[in-house]
Amino acid sequence: MIILKTEEEVELIRISATLISSTLTEVAKVLKPGITTMALDKLAAEYIADHGAIPSFLNYEGYPHHICTSVNDVVVHGMPNDKPLRDGDIVSVDIGVIKNEFHGDHAYTFIIGEADQEVIDLVRVTKECLYEGINHAVADSYLTNISSAIQRHAEGNGYGVVREFVGHGLGRSMHEHPQVPNYGRRNEGILMKENLVLAIEPMVNLGTKDIHMSKDGWTVRTADGKPSVHFEHDVCVKPGHATILSNYTLIEIAEKANRNLNSSYY
């Protein structure tokens, strides 16, 4: 069942989403070669707790950490560990919180230090895919128009679009109906209505679209070992446009400042 939100509920989701945005901003401030993803998990856990929220991911279906940190060829659900990040790595940091009974859930991919141009381009295009999809999150339009826009932009740049993991509705539950694939044909299926809240999250691979599950039951990797990028925003469907409830602005400012501070960046 698709649950449309009241204006008050949309604002509560915005609070959770913007808390994630500020948590990702704190992550952006400390990222550099040598830091571990377990340190990022600890930072995020403390920041979320200090702001009166609960990590949505911790113990979700047995997941043992507060955030997901997907490095290089890991598509999604990478588990934090004590391996230092290296110059040229990319890491998608995916965070969920629940506050005031409503979830937020979004992600940002960071480049550590100096990366190859093909990786920089993949990060840029995947973020563009996210906004291409958001442009179609419009009341009385088809949900698949989001999916088709993401697919067209990614594949038009020669990349593989992951099929097995998708975006979703968001509210009192972290995963609500409907699912939001990152591929599909235009003008089919569900017509979106005002105040449908979605987590839109393209997962785009440098090479093949194919993936495989690691033995830990969580970590999803590209089948060819090439990098994958993941961006995610929480959005509310409105007539003529979508309202983005999460916020990348401060993340991007912190990312740029950190890059300028650390001479090894880019």
Side-chain angles (χ1 to χ4, degrees), residues 13-33 35-37 39-51 53 55-57 65-72 74 76 78 80 85 88-97 99 103-115 119-135 137 167 170 197-204 227-236 242-262 264-266:
I13 297 171
R14 187 195 300 272
I15 289 170
S16 293
T18 53
L19 174 56
I20 296 172
S21 302
S22 60
T23 307
L24 287 167
T25 300
E26 295 304 305
V27 168
K29 293 176 182 178
V30 302
L31 276 174
K32 62 182 180 179
I35 197 168
T36 69
T37 51
L40 302 181
D41 186 77
K42 183 175 184 293
L43 181 156
E46 292 175 352
Y47 190 87
I48 291 166
D50 287 347
H51 288 79
S56 301
F57 297 172
H65 301 287
H66 303 87
I67 65 176
C68 295
T69 52
S70 301
V71 180
N72 295 335
V74 178
V76 284
L85 293 171
D89 283 344
I90 57 172
V91 54
S92 164
V93 182
D94 189 2
I95 302 177
V97 305
K99 186 177 175 70
H103 289 264
D105 175 17
H106 73 99
Y108 193 93
T109 294
F110 299 92
I111 299 174
I112 309 299
E114 296 184 6
V119 172
I120 295 172
D121 290 342
L122 175 65
V123 171
R124 173 182 56 80
V125 169
T126 305
K127 188 188 283 189
E128 291 171 355
C129 286
L130 173 61
Y131 289 104
E132 289 286 333
I134 290 171
N135 286 340
L170 188 69
V197 176
L198 301 171
I200 299 174
E201 49 179 322
M203 288 157 263
V204 179
S228 181
V229 172
H230 174 211
F231 282 98
E232 180 179 16
H233 260 317
D234 300 336
V235 305
C236 181
T243 298
I244 302 177
L245 304 177
S246 39
N247 189 342
Y248 280 172
T249 302
L250 292 179
I251 302 169
E252 292 166 343
I253 291 171
E255 182 183 31
K256 182 178 180 180
N258 191 6
R259 186 182 308 141
N260 292 336
L261 181 65
N262 292 282
S264 63
Y265 264 53
Y266 292 114

- Task: Could you pull out the closest heavy-atom pair between Ala137 and Ile200, with the gap in Å?
- Result: CB-CD1, 4.3 Å
- Task: Please step through side chain to side chain contact (heavy atoms under 4.5 Å, CB included) for the pair Thr69 and Asp41, ending with a clear verdict.
- Result: CA-CA 8 Å; Thr69 52; Asp41 186 77; over 6 Å; no
- Once you round to the nearest 0.5 Å, how far does CD1 of Ile48 lie from CD1 of Ile20? 7.0 Å
- Note on the structure: Output for pair (Ile134 CD1, Leu198 CG), nearest 0.5 Å, gives 10.0 Å
- Message: So which atom in Gly104 and which in Leu170 form the shortest heavy-atom distance, rounded to 0.1 Å?
- Response: CA-CD2, 4.1 Å
- Residue pair Ser228 / Val74: nearest heavy atoms and the distance that separates them: CB-O, 4.1 Å
- Message: What's the separation between atom CD in Glu132 and atom OG1 in Thr126, rounded to the nearest 0.5 Å?
- Response: 12.5 Å
- Taking it one step at a time, do Val204 and Phe231 satisfy side chain to side chain contact (heavy atoms under 4.5 Å, CB included)? CA-CA 9 Å; Val204 179; Phe231 282 98; over 6 Å; no
- Mark yes or no for whether Asn258, through its side chain, and Ala28, through its backbone, hold a donor-acceptor pair below 3.5 Å. yes
- Query: Could you give the distance from OG1 (Thr243) to CG (Asp234), rounded to the nearest 0.5 Å?
  - Reply: 12.5 Å
- Message: Keeping Ser21 on the side-chain end and Tyr248 on the backbone end, is there a donor-acceptor pair under 3.5 Å?
- Response: no
- So which heavy atom on Leu43 is nearest to which on Glu26, and how close? CD2-CB, 3.8 Å
- Quick one: does Thr23's side chain get under 4.5 Å of Leu19's, heavy atoms only? yes
- Query: Could you state the interatomic distance from OH (Tyr108) to OG1 (Thr25), rounded to the nearest 0.5 Å?
  - Reply: 9.5 Å
- Residues Ser246 and His233: side-chain donor-acceptor under 3.5 angstrom: yes
- Message: What I'd like to find out is whether the side chain of Val30 reaches to under 4.5 Å of the side chain of Leu40, using heavy atoms alone.
- Response: yes
- Query: Ignoring hydrogens and geometry, is there a side-chain-to-backbone donor-acceptor pair from Asp89 to Val71 under 3.5 Å?
  - Reply: no
- Task: Test Glu252 against Lys256 for salt bridge (Lys or Arg N to Asp or Glu O under 4.0 Å), laying out the working first.
- Result: CA-CA 6 Å; Glu252 292 166 343; Lys256 182 178 180 180; over 6 Å; no
- Heavy atoms, side chains only, cut-off 4.5 Å: are Val76 and Cys68 in contact? no
- Item | Chi angles and distances behind the side chain to side chain contact (heavy atoms under 4.5 Å, CB included) call for Tyr47, Val97 | CA-CA 11 Å; Tyr47 190 87; Val97 305; over 6 Å; no
- Of the non-hydrogen atoms in His51 and Lys99, which two are nearest, and what is the gap between them? O-NZ, 2.8 Å
- Please tell me if the side chains of Ile111 and Val123 come closer than 4.5 Å, counting only heavy atoms from C-beta onward. yes
- Note on the structure: Residues Phe110 and Val27: closest non-hydrogen pair is CE1-CG1, 4.2 Å
- Message: What I'd like to find out is whether the side chain of Pro227 reaches to under 4.5 Å of the side chain of Leu122, using heavy atoms alone.
- Response: yes
- Task: Look at the side chain of His106 and the backbone N and O of Ala17, then say whether any donor-acceptor pair between them is shorter than 3.5 Å.
- Result: yes
- Query: Is the backbone N or O of Ile90 less than 3.5 Å from a side-chain atom of Asn72, with the two atoms forming a donor-acceptor pair by type?
  - Reply: yes
- Where do Ser16 and His103 land on the side chain to side chain contact (heavy atoms under 4.5 Å, CB included) test, with the steps shown first? CA-CA 6 Å; Ser16 293; His103 289 264; 5.9 Å; no
